[in-house]
Amino acid sequence: MNQKNLSMWLKGIILGIAVCGTMLCGLLIPMFGKDMVERNPEFSHWFVPWLAVLWIAAVPCYLILYNGWKITVEIAKDHSFCMENAVYLKRICVLSLVDSGYFFLANLVLLFLLNMSHPGVLLGSFFVDFVGVAVAVVAAVLSHLVQKAAELQQEQELTI
């Protein structure tokens, strides 16, 4: 598989994830939330705060996808191992950690301070936080490896 094909496939995957995320955040979560409120009117005051928390949590995810897109552009140019990609991967790491931390703290605030959650939801959110931290670790390792490969490539270009 050449660089252009790989880049095309990666861009397709990124677009697919973006579309699925938009459908989830824009259609499904509000629809299921409204349905829950109709069935259980005592939870009606929970709808807007939870929707805001989830929409805010989606912003770093789309920034991660944007940085992933920039990596695919570099791959298409046959610059897979360049310092720019190391920087993009580092940003993905930071964004993923920020999003995981935000989501964890938002769950704690909604549960303990505002009494707008359930302990089971907090326990379920640990899975989401774990996935975010795992993405951050993978991105940090890849960033380090891409940086080392870029340095080796740069040294090799300078030798005769």
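This structure is a prediction, so every number in the text was calculated from the model and none was measured.
- In this structure, Trp46 has its ring center closer than 6.0 angstrom to the ring center of Phe43.
- Formation of a donor-acceptor pair under 3.5 Å by the Tyr102 side chain with backbone atoms of Val53 is found in this model.
- In this structure, the side chains of Leu110 and Pro49 come closer than 4.5 Å at one or more pairs of heavy atoms.
- Contact of the His45 side chain with the Met116 side chain is registered, since non-hydrogen atoms from C-beta on lie closer than 4.5 Å.
- Here the options are Lys77, Gln153, Glu74, the test is side-chain contact (heavy atoms from CB on, under 4.5 Å), and the partner is Cys82; only Glu74 passes.
- Distance check: Cys25 SG to Ile56 CD1 gives 11.5 Å after rounding to the nearest 0.5 Å.
- The CZ atom of Phe32 sits 10.5 Å away from the CG atom of Leu27 when rounded to the nearest 0.5 Å.
- Interatomic distance, Leu108 CG to Leu114 CG, rounded to the nearest 0.5 Å: 11.5 Å.
- No hydrogens or angles considered: a donor-acceptor pair under 3.5 Å links the side chains of Ser80 and Gln3.
- Of the possible donor and acceptor atoms, none in the side chain of Ser7 sits under 3.5 Å from a partner among the backbone N and O of Lys4.
- Contact annotation: the side chain of Leu89 never approaches that of Asn67 to less than 4.5 Å [non-hydrogen atoms, C-beta and beyond].
- Under the 3.5 Å distance criterion, with hydrogens and angles disregarded, no donor-acceptor pair is assigned to the side chains of Ser143 and Tyr88.
- Ile17 pairs in a side-chain contact (heavy atoms from CB on, under 4.5 Å) with only one of the listed residues (Leu15, Ile14, Ile13), which is Ile13.
- Separating the CG atom in Asp99 from the CG atom in Leu63 is a distance of 9.5 Å, to the nearest 0.5 Å.
- Linking Ile, Leu, Val, Met, Phe, Trp and Tyr residues whenever their side-chain heavy atoms come within less than 4.5 Å places Leu10 and Phe81 in a single cluster.
- Looking at Gln147 and Lys90, their side chains never come closer than 4.5 Å, going by heavy atoms from C-beta outward.
- Separating the CG atom in Leu24 from the CD1 atom in Ile29 is a distance of 4.0 Å, to the nearest 0.5 Å.
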